[in-house]
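Report on the following structure.
Proteins come first, then strands; the chains are lettered A, B, ... in the order of their sequence lines, and each starts at number 1.
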Amino acid sequence: MATVLKSINPNTPNPKTPKSDRSNSRIYLLKLCKHMRELHQIHATLIKTGQIHDIAAINAIIEFSAISDSARNLHYAESVFEKTENPSLFAKNLMIRGHSQSQDPIYAIYLYVRLLNEGFEFNKFAFSFLIQACTISKSIQEGHQIHGQILKFGEIDPHLASSIIRFYSEVPALDSARRAFESSREFMASWNSIIDGYSKLGEMEIARRLFDEMPQKSLISWTALITGYVHLGRFKEALEVFQTMQKEGFNPDQRTLAAVLPSISHLGALNLGKWVHSYIENLNLEVNIFLGSALLDMYCKCGCIESAIDLFQKMGNMKRNVVTWNAMINGLAMHGRGSDALELFQEMLVSGTKPTDVTFVGVLRACSHVGMVNEGMLYFDQMRRVYGILPTVEHYGCMVDLLGRAGQLEEAEKLTKSMIGQPDVVVMKTLLGACRVHGNVEIGEGVGWDLIELAPNDCSCFVLLSNLYASVGKWQEVGRVRNLMKERGVEKIAGCSSIELGNVTHEFHAGDMSHPRIEEIYAKVEEIGERLKGEGYTPDITQVLVDIDEEEKEKALLRHSEKLAIAFGLINMTSGITIRVVKNLRVCSDCHSVTKLISKLYDREIIVRDQNRFHHFKEGLCSCNDFW
DNA sequence: GTAGGGTTAG
């Protein structure tokens with residue numbers, strides 16, 4: 001006992017101090033508990049000394065065991081609570097709150113009903129937790145009833161109003177949410193809640209209108225709006241809102257930053273991400289689990305895997321949850337560091353963190369990106385057998401990719417057919433892509449034509465099929481696919497690459513002429529082309545889809561967006577600075593070999609993020625080992 | 001003394 005107490009608070013009370021002080025210090029100790037073991041010891045002392053009837057002591061024990069983050073034990077809280085003769089209002093609220101945040105939030109309602117029948121009364125805090133319980137468990141009927149109880153109770157404050165709106169938005173029952181909002185427009189929290197509700201349901205236009213109409217905004221309002229744009233994948237708009245917010249004098253806190261970071265990650269805006277990190281450091285903001293995970297993910301997705309690892313280590317075990325681990329595992333996988341990712345997965349298991357479906361996406365991608373077929377099969381099997389996680393389309397996608405790359409196309413096809421329900425477009429595209437890499441027309445042809453029927457407006461299906469035919473010289477078939485695409489009016493998605501220079505992101509589209517310095521850039525591209533040819537490079541024109549002569553095809557290749565972006569980087573960034581490019585599609589094979597050569601001839605590290613993974617080009621080689 | 005906005009995969 002003494003040793004534990006010492007470890008919590010070296011100033012163990014002097015036996016000479018008055019009794020009430022000693023009791024207070026024990027309650028103070030309770031608030032410092034980190035583990036259940038410590039709580040047991042203090043609890044035992046309280047019983048021995050008869051102080052257990054102290055209301056504050058009971059509350060502190062229940063508080064720790066019902067809601068603390070570090071070592072929750074609701075059963076323990078329950079047993080203390082049930083033995084208490086006349087529990088305080090605060091204790092009852094703690095129990096309701098504990099249940100509402102547990103695996104079975106509905107028990108909060110059961111407890112409430114039971115206590116109500118026993119003649120107890122409640123205050124507004126209880127209702128707040130009860131409505132939260134209904135929100136989490138999506139208990140529509142119960143939520144309605146609690147809403148009724150609140151109205152009967154008679155006193156609606158901003159917190160209750162916003163909780164009710166939140167409940168109806170998440171059920172979802174937008175009409176009811178709107179009605180609840182209309183009847184509580186006097187509270188800013190109601191506005192925040194309804195904006196958040198519309199945002200999360202993707203109704204951004206309504207959310208935006210309400211936001212503009214709001215008589216007064218708070219940081220919460222801005223964060224709700226940003227979250228909405230992020231959820232819809234409208235990352236640039238999310239960043240615009242973030243910047244406007246600051247111009248209007250609102251300084252972001254941890255939650256706003258955690259909300260906006262995913263946009264920075266998706267756009268690959270490293271400089272902005274670094275700005276966020278230094279902002280956090282300058283303001284001495286605590287890097288909690290949410291913020292830490294978001295930052296870590298930003299560094300992974302912006303190509304700074306070393307910074308991500310650094311942060312991950314600094315965060316330490318206490319500040320990691322499954323999301324943190326998942327982000328790091330997926331990050332390593334994305335950067336082609338498969339064995340590091342798998343090692344980290346083992347570490348995660350040792351730490352006692354239970355893997356989720358997202359973890360296995362990372363694990364399988366790790367295997368896939370470095371071609372570890374057997375390991376991948378093993379994990380795919382383990383996922384179901386050991387962890388009871390049912391594979392989703394993402395997992396099937398990884399497996400098809402894994403088998404496909406290894407050339408086991410029959411196996412891959414078999415797997416798509418064994419999927420529960422229809423294999424989805426992404427999985428089929430993966431299979432078709434693998435067929436193209438291996439020039440397997442027998443399987444790829446069937447898959448390709450099926451895909452075109454399954455996703456008639458998706459240009460990438462046509463492109464893949466056409467490239468498959470091209471790779472084996474079936475030019476007549478290439479023409480057939482191309483004509484069908486034209487007939488149906490399917491638009492090709494233009495390749496787009498971006499590169500940051502200072503705080504400005506420059507975007508390039510294939511064949512784009514709009515950049516103010518485009519002539520200079522094309523001159524550089526030509527120069528690169530000539531220098532590369534001198535080194536024995538021949539353009540790979542087989543994958544060019546348009547019907548033009550060979551010379552034109554070469555030119556078309558030179559206009560690929562990543563080549564423009566890299567040329568722009570070479571012109572503007574002094575040697576020694578890594579060029580970082582983000583691309584919306586997969587890197588084509590010509591751009592891949594060209595970038596390798598550039599990295600050697602111009603002695604430049606180049607990091608390209610494509611749709612699937614990172615390519616680190618250095619001294620003529622790529623981290624993907626030409627396997628992507 | 002308790003309550004409204006936050007992180008991974010797609």
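Across the protein-nucleic acid pair, A:Arg97 atom CZ and B:dG4 atom C1' stand 14 Å apart, rounded to whole Å. The interatomic distance linking A:Asp297 (CG) with B:dG10 (P) rounds to 11 Å, in whole Å. Separating the NZ atom of A:Lys354 from the C1' atom of B:dT8 is a distance of 18 Å, rounded to the nearest angstrom. The distance from atom CD1 of A:Ile150 to atom P of B:dG4 is 13 Å, rounded to the nearest whole Å. The distance from atom CD1 of A:Ile96 to atom P of B:dA3 is 14 Å, rounded to the nearest whole Å. Atoms CE (A:Met328) and P (B:dA9) sit 13 Å apart, rounded to a whole Å. As rounded to whole Å, 16 Å separates atom P of B:dG4 from atom CD1 of A:Ile156. The nearest whole Å value for the distance from the CE atom in A:Met298 to the C1' atom in B:dT8 is 15 Å.
With distances taken from any side-chain atom of A:Asp157 to the nucleotides B:dT8, B:dG6, B:dA3, the minimum falls on B:dA3. In this structure, the nucleotide among B:dG4, B:dG6, B:dA9 sitting nearest to the side chain of A:His159 is B:dG4. Comparing B:dG4, B:dA3, B:dT7 against the side chain of A:Ala189 picks out B:dG4 as the nearest. When distances run from any side-chain atom of A:Ala258 to the nucleotides B:dT2, B:dG6, B:dG1, the shortest one goes to B:dG6. Listed nucleotides: B:dA9, B:dT7, B:dA3. Nearest to the side chain of A:Val358: B:dA9. Side chain of A:Asn326, nearest nucleotide from B:dG6, B:dT7, B:dT8: B:dT8. When the nucleotides B:dA3, B:dT7, B:dT8 are ranked by their closest atom to the side chain of A:Lys124, B:dA3 comes out on top.
When heavy atoms are screened at a 4.0 angstrom cut-off, A:Thr356 is found touching no nucleic acid atom at all. Among the heavy atoms of the strands, none lies under 4.0 Å from A:Lys319. Contact annotation for A:Glu394: backbone-only contact, meaning every heavy-atom pair under 4.0 Å involves sugar-phosphate atoms and none involves a base. When heavy atoms are screened at a 4.0 angstrom cut-off, A:Pro158 is found touching no nucleic acid atom at all. Counting non-hydrogen atoms under 4.0 angstrom, A:Phe129 reaches a base of the nucleic acid. When heavy atoms are screened at a 4.0 angstrom cut-off, A:Ile289 is found touching base atoms of the nucleic acid. Here A:Ser293 lies in heavy-atom contact (under 4.0 Å) with a base. Counting any heavy atom pair closer than 4.0 Å across all strands shown, A:Leu295 reaches no nucleic acid atom.
A donor atom on one side chain and an acceptor atom on the other are not found under 3.5 Å apart for A:Asn330 and A:Asp297. Between A:Gln149 and A:Tyr112, the side chains place a donor N or O and an acceptor N or O closer than 3.5 Å (distance only, hydrogens not considered). Using a 3.5 Å distance cut-off with no hydrogens or angles, the side chains of A:Ser88 and A:Asn59 do pair a donor with an acceptor. Judged by distance alone, the side chains of A:Asn321 and A:Thr324 do bring a donor and an acceptor atom under 3.5 Å apart.
The side chain of A:Lys301 contributes an N or O atom lying less than 4.0 Å from OP1 or OP2 of B:dA9. For A:Gln132 and B:dG4, the shortest distance from a side-chain N or O to OP1 or OP2 is below 4.0 Å. Close to B:dG10, at under 4.0 Å from its OP1 or OP2, lies no side-chain N or O of A:Lys429. A:Arg365 has no side-chain polar atom (N or O) that falls below the 4.0 Å cut-off from OP1 or OP2 of B:dA9.
Applying the 3.5 Å distance criterion, the base of B:dG4 shares no donor-acceptor pair with the side chain of A:Asp196. Donor-acceptor pairing under 3.5 Å, judged by distance alone, is absent between the side chain of A:Asp253 and the base of B:dG6.
For the pair A:Cys367 and A:Leu342, the minimum side-chain heavy-atom distance is below 4.5 Å. Residues A:Ser199 and A:Phe211 have side chains not in contact (no heavy-atom distance under 4.5 Å, counting atoms from C-beta outward).
Judged by centroid separation below 5.5 Å and plane tilt below 30°, A:Phe125 stacks onto the base of B:dT2.
The distance between the ring centers of A:Phe127 and A:His147 does not fall below 6.0 angstrom.
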